[in-house]
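Reviewing the structure listed below.
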Amino acid sequence: MLILLVILLFFGGKKIPDLMRGIGRGVREFNDAKEHVKSEIEAGMKDKDVEKKQEVLTNSSTPAPEVTAAPTPVSATPTTQNS
């Protein structure tokens with residue numbers, strides 16, 4: 001009650017509706033911006049999931065390339081370097 005009385009004294013009876021409208025608009029714009037950011041993030045996550053699924057499907061339908069390189073021979077005696 002004390003806070004409302006102080007606001008009434010500072011701004012007067014005619015200015016309070018304008019002040020409250022301004023605060024309401026500010027809160028509404030903030031909530032709209034918050035929802036917009038949230039929807040953008042969710043859309044980006046869905047797009048990324050779709051890309052991953054397509055990549056998995058593409059990789060699973062394409063056979064793995066065959067390895068044609070000859071194996072590297074391994075020496076029977078260990079080599080050591082003396083510095």
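Side chains included, hydrogens not; waters and symmetry mates left out as well; all remaining heavy atoms used.
- For R25, there are no side chain to side chain donor-acceptor pair (under 3.5 Å) partners at least two apart in sequence or on another chain.
- To the nearest 0.5 Å, atom CG of residue D32 and atom CD of residue E29 are 7.5 Å apart.
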Can you give the donor-acceptor pairs under 3.5 Å from side chains of residues 41-55 to other protein atoms, not counting sequence neighbours?
none

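- The hydrophobic clustering, which links ILVMFWY residues whose side-chain heavy atoms are closer than 4.5 Å, places L19 and L5 apart.
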Identify all side-chain donor-acceptor contacts of residues 8-16 below 3.5 Å with residues at least two apart in sequence or on another chain.
none

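- Follow the hydrophobic side-chain contacts under 4.5 Å out from F30 and you never reach V27; the two are in separate clusters.
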